[in-house]
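Right, one structure below, let's go through it.
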Amino acid sequence: MEIVEAPPGWPVNEAEALAVQDELRTRVVLDEPGPQVGTGPVTGVDVAYDDERDVVAAAAVVLDAATLTVVEEATAIGRVTFPYVPGLLAFRELPTVLAALASLTSDPGLVVCDGYGRAHPRRFGLASHLGVLTGLPVLGVAKNPFVFTYAEPGQSRGDFAALVADDGEEVGRALRTQHGVKPVFVSAGHRVTLESACAHALHLARDFRVPESTRRADALCRRALREVSGRA
DNA sequence: GCGACAG
DNA sequence: ATCTTGTCGC
């Protein structure tokens, strides 16, 4: 398996990255309802890092939304070319994630990624960026609230509270996916509404706090990283 | 100006 | 994200 490098012209510093976000943010579509919940393919994507060697492993796992069983898996190994900067995660992860997605033979359908979409300092998180580059419907499910504060949602599965930006816009939701457990933070990425994103997230988090799609992708990219860097 | 801050 | 032992619980 060859090592994925960032494509020509990919930002190499913060200033370039900010300019790219400012350009691409205008192409986000958030007025489409998105795929129907519980039907068709759903693809989870995630990455794992080896900071010592500046290597990143990406995984894309396609699930059947009706049964939450695995349909297809793909991985890619890439070189990290961008530092971790909160708000610029996409520039670290996306080249390798795109390669993993591209190697799938089946339709990804709706893509679910770790992190945010609209709920981002410049309204253009990882999920939105991935959506614009691929044209696919994408939503983001994060495990931490990032820069946004939220009211504690009710304790029941499905209860939620708004993630509100300075201008009053509801950019995401803190969603309780299992009774009494810490909520996850959902936002729309591209070609899905926030309502739809939350409905999908809840459906996918049928058995655990985190959606099955991201659990599978997380396990797979860690395994892929071990296979290339874990030994020696 | 300083710290916080998705993964 | 990742570094890491034991421990509580199903």
Side-chain angles (χ1 to χ4, degrees), chain A residues 4 6 11 14 17-18 20-21 24-25 28 44-61 75-98 100 111-132 138-150 163-166 171-175 177-190 194 197-198 201 207-211 213-231:
Chain A
V4 176
E14 200 164 326
L18 291 173
V20 167
Q21 287 188 332
L24 296 185
R25 62 193 289 182
V28 175
V45 296
D46 193 18
V47 300
Y49 298 101
D50 177 349
D51 287 327
E52 302 294 286
R53 299 166 179 257
D54 278 343
V55 165
V56 56
V61 180
T75 60
I77 303 299
R79 194 134 280 148
V80 178
T81 60
F82 202 93
Y84 170 65
V85 180
L88 301 179
L89 249 194
F91 299 93
R92 246 169 108 72
E93 309 196 339
L94 287 193
T96 313
V97 167
L98 288 168
V111 177
V112 180
C113 54
D114 269 30
Y116 283 116
R118 182 82 185 154
H120 176 275
R122 291 168 297 281
R123 305 291 184 276
F124 194 71
L126 180 60
S128 298
H129 201 144
L130 181 59
V132 166
V138 184
L139 66 89
V141 178
K143 295 179 286 296
N144 294 291
F146 198 15
V147 295
F148 296 97
T149 57
Y150 63 101
L163 247 42
V164 183
D166 301 329
V171 293
R173 286 176 183 171
L175 174 67
T177 54
Q178 298 291 329
H179 189 99
V181 306
K182 177 182 175 179
V184 294
F185 304 89
V186 183
S187 57
H190 183 61
L194 177 57
C198 288
D207 304 327
F208 301 94
R209 175 170 94 106
V210 168
S213 43
T214 65
R215 295 186 74 246
R216 304 310 280 241
D218 179 75
L220 181 57
C221 67
R222 290 191 197 216
R223 193 199 317 160
L225 185 63
R226 271 186 311 151
E227 287 171 4
V228 295
S229 183
R231 37 71 174 174

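All values reported here derive from a predicted model rather than from experimental measurement. Chain letters run A, B, ... following the sequence lines, proteins first, then strands; residues in each count from 1.
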Contacts of Arg25(A) meeting side-chain hydrogen bond (donor to acceptor under 3.5 Å, both in side chains) (sequence neighbours excluded), chain-then-number -> Asp22(A)

By side-chain hydrogen bond (donor to acceptor under 3.5 Å, both in side chains) - contacts of Asp46(A) (at least two apart): none

Residues which pass salt bridge (Lys or Arg N to Asp or Glu O under 4.0 Å) with Arg173(A), listed by chain and number, not counting sequence neighbours: Glu170(A), Glu195(A)

So which atom in Thr149(A) and which in Leu163(A) form the shortest heavy-atom distance, rounded to 0.1 Å? O-CD1, 4.0 Å

Separation of Asp54(A) atom CG from dA1(C) atom P, in whole Å? 18 Å

Output a table of nitrogen or oxygen pairs between the protein and nucleotides 3-10 of chain C separated by less than 3.5 Å.
none

Rounded interatomic separation in angstrom, taking CG from Leu225(A) and P from dA1(C): 12 Å

Protein N or O to nucleotides 4-6 of chain B N or O, pairs below 3.5 Å:
{"residue": "dA6(B)", "atom": "OP2", "partner": "Tyr84(A)", "partner atom": "OH", "Å": "3.2"}
{"residue": "dA6(B)", "atom": "N7", "partner": "Gly87(A)", "partner atom": "N", "Å": "3.0"}
{"residue": "dA6(B)", "atom": "N6", "partner": "Gly87(A)", "partner atom": "N", "Å": "3.4"}
{"residue": "dA6(B)", "atom": "N6", "partner": "Gly87(A)", "partner atom": "O", "Å": "3.0"}
{"residue": "dA6(B)", "atom": "N6", "partner": "Leu88(A)", "partner atom": "N", "Å": "3.2"}
{"residue": "dA6(B)", "atom": "N6", "partner": "Leu89(A)", "partner atom": "N", "Å": "3.3"}
{"residue": "dA6(B)", "atom": "N6", "partner": "His120(A)", "partner atom": "NE2", "Å": "3.4"}
{"residue": "dA6(B)", "atom": "N1", "partner": "Leu126(A)", "partner atom": "N", "Å": "3.2"}
{"residue": "dA6(B)", "atom": "N3", "partner": "Tyr116(A)", "partner atom": "N", "Å": "3.1"}

Compare side-chain N and O positions of Arg92(A) against OP1 and OP2 of dA1(C) and report whether any pair is under 4.0 Å apart. no

What integer distance in Å separates His129(A):NE2 from dG7(B):P? 18 Å

Residues passing the side chain to side chain contact (heavy atoms under 4.5 Å, CB included) test with Ala57(A), sequence neighbours excluded, are Ile77(A), Ala224(A), Leu225(A)

Partners of Arg122(A) by salt bridge (Lys or Arg N to Asp or Glu O under 4.0 Å), sequence neighbours excluded? none

Taking salt bridge (Lys or Arg N to Asp or Glu O under 4.0 Å) as the definition, give me every residue that meets it alongside Arg216(A), ordered by chain and number, with sequence neighbours left out. Glu212(A)

Both distances under 3.5 Å, Watson-Crick or G-U wobble: on that basis, could you give the dot-bracket string for DNA chain B, with [ ] for crossing pairs and | for other-strand partners? .......

Say whether, by atom type as modelled, one donor and one acceptor occur between the side chain of His190(A) and the main chain of His129(A) under 3.5 angstrom. no

Over how many whole Å does the gap from Arg222(A) atom CZ to dG7(B) atom P extend? 12 Å

Mind checking Asp50(A) for me? I need base, sugar-phosphate or nothing, with any heavy atom below 4.0 Å counting as a touch. nothing

I'd like to check the salt bridge (Lys or Arg N to Asp or Glu O under 4.0 Å) partners of Lys182(A); sequence neighbours left out, ordered by chain and number. none

Arg209(A) side chain vs Pro183(A) backbone, donor-acceptor pair below 3.5 Å: yes

Kindly compute the distance separating CG (Asn144(A)) from OH (Tyr116(A)), expressed to the nearest 0.5 Å. 7.5 Å

Look only at the side chain of Thr96(A) and the backbone of Ala76(A), and say whether a donor-acceptor pair between them is shorter than 3.5 Å. no

According to the Watson-Crick and G-U wobble definition with distances under 3.5 Å, which dot-bracket string, read 5' to 3', encodes DNA chain C, using [ ] for crossing pairs and | for pairs with another strand? ..........

Holding to ring-ring contact (aromatic ring centres under 6.0 Å, His included), I want the full list of residues that pass it with Tyr150(A), two or more places apart in sequence or in another chain. Phe185(A)

